[in-house]
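Written below as structure tokens is the structure these notes are about.
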Amino acid sequence: MTRYNPKEAEPRWQARWEDGKAFEARPDPDGKKYREKYYVLEMFPYPSGRIHMGHVRNYTMGDIVARYKRARGFNVLHPMGWDAFGMPAENAARERGIHPAIWTYENIATMRGQLRAMGLSIDWARELATCDPEYYGHEQRMFLDFLERGLAYRKESSVNWDPVDETVLANEQVIDGRGWRSGALVEQRQLTQWFFKITAYADDLLTSVNALERWPEKVRLMQSNWIGRSEGLRMRFAITGAGAKQLPGNGELEVYTTRHDTIFGMSFCAISADHPIALALASGNPAIAEFNKQCRDIAGTAEALERAEKLGFDTGLRVRHPFDANRDAPIYIANFVLMGYGTGAIFGCPAHDQRDLDFARKYGLTVLPVVAPEGGAGITIENDAYTDNSDGRLINSDFLNGMDIAAAKAEVAKRMQAAGAGEPAVTFRLRDWGVSRQRYWGCPIPVIHCAACGVVPVPEDQLPVTLPRDVTFDKPGNPLAHHPDWKHVACPACGKDAVRETDTFDTFVDSSWYFARFCTPHAAAPIERNEADYWMPVDQYIGGVEHAILHLLYSRFFTRAMKEAGYARDAEPFAGLFTQGMVTHETYKDETGAWLFPEQIIKREGGAVHRDTGAPVQIGKIESMSKSKRNVVDPEAIIAHYGADTARWFVVSDTPPERDIEWTESGIEGAWRFTQRVWRLVDESLARLPAGHSAPPIAIGPASLAMRKATHTAIAAVTEDIERFHFNRAVARIYELSNSINGFINQTKADDGAGFALREALESMILLLGPMMPHLAEECWAALGHSTMLVHENWPLADAALTRQDQVTIIVQVNGKRRGELTLAPGTANNEIESRALAMEAVARHMDGKTARKVVIVPDRIVNVVV
RNA sequence: GCCCGCUUGGCGGAAUCGGUAGACGCAAGGGACUUAAAAUCCCUCGGUCGUAAGGCUGUGCCGGUUCGAGUCCGGCAGCGGGCACCA
């Protein structure tokens, strides 16, 4: 008996696949139209240095789909690339003095080797890295097209500014109001930045997401909530008193509300600290200026905001109630009103909005309930606003009294419209996408700023605008801005001295179109439509849920923009999406509370000890693998020890792919045992197998027939499970088949057709596990006497005649409780089933001498005698 | 706070349409082979009563619909995720 040695076999098969260009994707092969395309893509990795188990899981799933679809006759595109721009490369430069490009390309080389060792069926000829000018030059080109179409624009916007590092921080880089690296207090700064007009597609992005049937419901919902459509009324109130006309808005305050039914409960209006009126007032009033600044500083830090008290500043201005000339309400500047949403101004109805209520209580404003719950005995408001917006009738509201909420809304909208003081409005939560980053390691934004001509696009023949290589990271701020000469250029329009834009793109821009570039990765244009139209959209996209909103939404926007600029046929990039769960592991701490790596501990009965010192180890929670908690297992070490197939098998066994999986030592051991078991089954069978391609035997014995049935049942089940992404179930079905084969081999006598049945069973099992364990499958396939590679084989087909059961077990119940079973031919008539059931001793016993009141029969399944 | 999801043996999980709850794997226990170990193979494995046959009970908790509920409906609890002054 020989043992399977993955260390030797895996590189050998990888080389053979490569030599045979087995995974090279060609559009429309042989000029024929009958092979349907299938584009499977996993989210490309950031080249951090080494692959982690999350990558192994993600890429194994994608590879299963790719190999399966290939075997089903599809023309499969399965590429790989690198999301290669981003901060860690600059951090490495600052900390270790290594150039971002060197660091990045070294990491790519390492990780490419690791991915290759996994035996993924990838078309490496299409590999790309976003930090390559060959890639980002096309991005710049498309940006200029977007600019021309008004899909990209510049505006001033406030950012989190770290005054020590002289850099803009993302929200998640601000911790307790301080920069994550410098620890300096973060300020809000107004900067002119580039934006993509994603809001232009807000409605389309929202309605279309619901049509993406092959996306998880959860992701569609998250996107819907993120876009956040609301229907309401925009209305204008007259500001009373002298001088009102001089204010922005020409004497009117425009507010947006979705609760116009509560207009009679209005006790104040509030405007944002950035509202034009607030800004106008601030210029003549230091107290207001100070208050506005305070609001902005709080707004910068998400955490502080959470507990922040409602604060207001009474402007002294008042608005007249639109339906009651005798009523008016004060205008406050309030810290909880956002300039970026609606009109930046609201009317406050404390009785029916919690924020308004908190504010009103603090400043002693009137709280008048105007909606009472249906059929209720009146309403009083203490500390909780009545915010139900579907159940209730209007009170204290003049002509609205007695109406339900919907009717009251309609009535108010009608009257405001008639008065020319309001109109229905749809508002989105979604904001335009700010893409400027004050960093070096990103795609340069291809524009030039000229004192005379303004913003001038870099002419096409000067693209790509490449990053200068000679940069220093010895001082804070953006190295591109510090570079002695890179930014100084002649204005393309007038020829005078001008400067380049030194901001680079958010790396989400790079990942918003890489899937399209994969279709024609070497084209001179960003996209070659003929080929791209053939491959796009991605049929199956696979990645982590953490990208459920931003990456996927940005890609959906970008594809729409590309379509508008003529680079794409379809608006939606990803027809099918699967979000896989994370890989978790137990955590370990020593006596001092320091985290320990899994390989530093030994498990003992009831606990664990340190491998070297023998000191007790505390076993902590099972958490997502992370370097900081040291609960990581290195894929390279696992592959070196067990081989790629075992690792691949483990990450799809037992746990449904969308859920978090726990990595365990015993789990990988179990997978390893199965790897060897498959080889052994094949190896031990060789002596008793007939040659390949023999016809089914004319006579077949009962054991061999049962084997054939088990084989075809497994084929049918595994096929369906892979189609539905139930890899863990497919694995279970393959285990069952291997158990059947093992039993078949171990039985003493071989009946008619045994050799044929055994070969069929083994070959089917090998074909079925091929997508999961491709190297082992090739090795077995060759051992079974095949000279061609398994990657070129077709997927096995289940013979319906062999998956049909010829005996069914019918459960016999009395009053819904299981009392026995009948084994009958499928399709047995109901009266036959009934009489057989009633004849059973166990049934008679539990009927207790009573007569059957009713007999419920589900053919081939169950019979229930009710007494 | 709002929205969404989940809850099944010691563990991961299976049960596609309301019809045998616990497939398959892991762990555990017993046995075979072996000088021994490893590897491998066989058996047992929700709880409980019983020598057994066979009962009873059991899918987070309470209630409902149904001949029949892990599955459907209502309520509650716990865990997880998303959003979070979005008017």
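A, B, ... follow the sequence lines: proteins, then strands. Residue 1 opens every chain.
- Taking atom P on both nucleotides, G46(B) is separated from G9(B) by 12 Å, rounded to a whole Å.
- Distance from the side chain of Arg3(A) is smallest to A39(B) among A84(B), A39(B), C85(B).
- Among the nucleotides C4(B), G82(B), C85(B), the one closest to the side chain of Asn335(A) is C85(B).
- To the nearest angstrom, P of C2(B) lies 14 Å from CG of Asn225(A).
- Nearest nucleotide to the side chain of Ile346(A), out of C67(B), A84(B), A87(B): A87(B).
- Nucleotides G68(B) and U57(B) place their P atoms 15 Å apart, quoted to the nearest Å.
- For G60(B), the O4'-C1' to base torsion is more than 90° from 0; the nucleotide is therefore anti.
- Pair assignment for G70(B): none, as no Watson-Crick or G-U wobble contacts are both less than 3.5 Å.
- Under the Watson-Crick and G-U wobble criteria, each requiring two contacts below 3.5 Å, nucleotide G58(B) is left unpaired.
- When the nucleotides C83(B), A87(B), A14(B) are ranked by their closest atom to the side chain of Ile549(A), C83(B) comes out on top.
- A salt bridge links Arg296(A) with Asp274(A): at least one charged nitrogen is closer than 4.0 Å to a carboxylate oxygen.
- A 3.5 Å limit on both hydrogen-bonding distances identifies C43(B) as the Watson-Crick or G-U partner of G29(B).
- With respect to the salt-bridge test (charged N to carboxylate O, under 4.0 angstrom), the residues Glu231(A) and Arg229(A) qualify.
- Under the Watson-Crick and G-U wobble criteria, each requiring two contacts below 3.5 Å, nucleotide C85(B) is left unpaired.
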**OP:** Would you sort out whether Tyr363(A) and Phe268(A) count as a ring-ring contact (aromatic ring centres under 6.0 Å, His included), showing the intermediate values?
**Re:** CA-CA 10 Å; Tyr363(A) 292 100; Phe268(A) 65 94; 8.8 Å; no
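- Distance from the side chain of Arg680(A) is smallest to U40(B) among U57(B), U40(B), C3(B).
- Nucleotide U34(B) is matched to nothing when pairs are restricted to Watson-Crick or G-U wobble geometry with both distances under 3.5 angstrom.
- Nucleotide C86(B) holds its P atom 18 Å from the CD atom of Glu231(A), rounded to whole Å.
- When all heavy atoms of Thr803(A) and Ala716(A) are compared, the closest pair comes out as CG2-CB, 4.3 Å.
- Between the C1' atom of A53(B) and the CD atom of Glu841(A) lies a distance of 11 Å, rounded to the nearest Å.
- Looking at Glu586(A) and Lys621(A), no side-chain N of the basic residue comes within less than 4.0 Å of a carboxylate O on the acidic one, giving no salt bridge.
- Classification of Arg819(A) and Glu841(A) as a salt-bridged pair fails, no side-chain N sitting under 4.0 Å from a carboxylate O.
- Each of His846(A) and Glu662(A) was matched to the nucleotide of RNA chain B holding its nearest heavy atom; the match closer to the 5' end belongs to Glu662(A).
- In this entry the base of C72(B) is anti relative to its sugar, with a glycosidic angle more than 90° from 0.
- Between Ile622(A) atom CD1 and G80(B) atom P the separation is 13 Å, expressed in whole Å.
- Look at U7(B): its Watson-Crick or wobble partner, with both distances under 3.5 angstrom, is A77(B).
- If you check A87(B), A27(B), C41(B) against the side chain of Val337(A), the one that comes closest is A87(B).
- Side chain Arg431(A) to base C86(B): a donor-acceptor pair is found below 3.5 Å.
- Around atom CZ of Arg836(A), no more than 12 heavy atoms belonging to other residues, nucleotides or ligands sit under 6.0 Å away.
- To the nearest angstrom, P of A32(B) lies 19 Å from CG of Asn746(A).
- Here NZ of Lys310(A) is found 8.5 Å from CD of Gln354(A). Values are rounded to the nearest 0.5 Å.
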**OP:** Treat primed atoms plus P, OP1 and OP2 as sugar-phosphate and everything else as base, then score nucleotides 16-24 of chain B 5' to 3': B for base contact with protein heavy atoms under 4.0 Å, S for sugar-phosphate contact only, - for none.
**Re:** B--BBS-BS
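- Rounding to whole angstrom units, NZ of residue Lys218(A) and P of C83(B) are separated by 11 Å.
- A53(B) makes up no base pair with any nucleotide shown, lacking Watson-Crick or G-U wobble contacts both under 3.5 Å.
- Nearest to the side chain of Arg673(A), among G13(B), G54(B), A27(B), sits A27(B).
- The side chain of Arg355(A) sits closest to C86(B) out of G82(B), C41(B), C86(B).
- In this entry G18(B) has no Watson-Crick or G-U wobble partner, no candidate having both defining distances under 3.5 Å.
- Ser653(A) comes within 4.0 angstrom of no nucleic acid atom, judged by non-hydrogen atoms across all strands.
- Between Glu658(A) atom CD and G5(B) atom P the separation is 14 Å, expressed in whole Å.
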Original post:
Checking side-chain contact (heavy atoms from CB on, under 4.5 Å) for the pair Ile64(A)/Met61(A): CA distance, chi angles, key distance, verdict?
Top reply: CA-CA 5 Å; Ile64(A) 289 171; Met61(A) 289 178 193; 5.5 Å; no
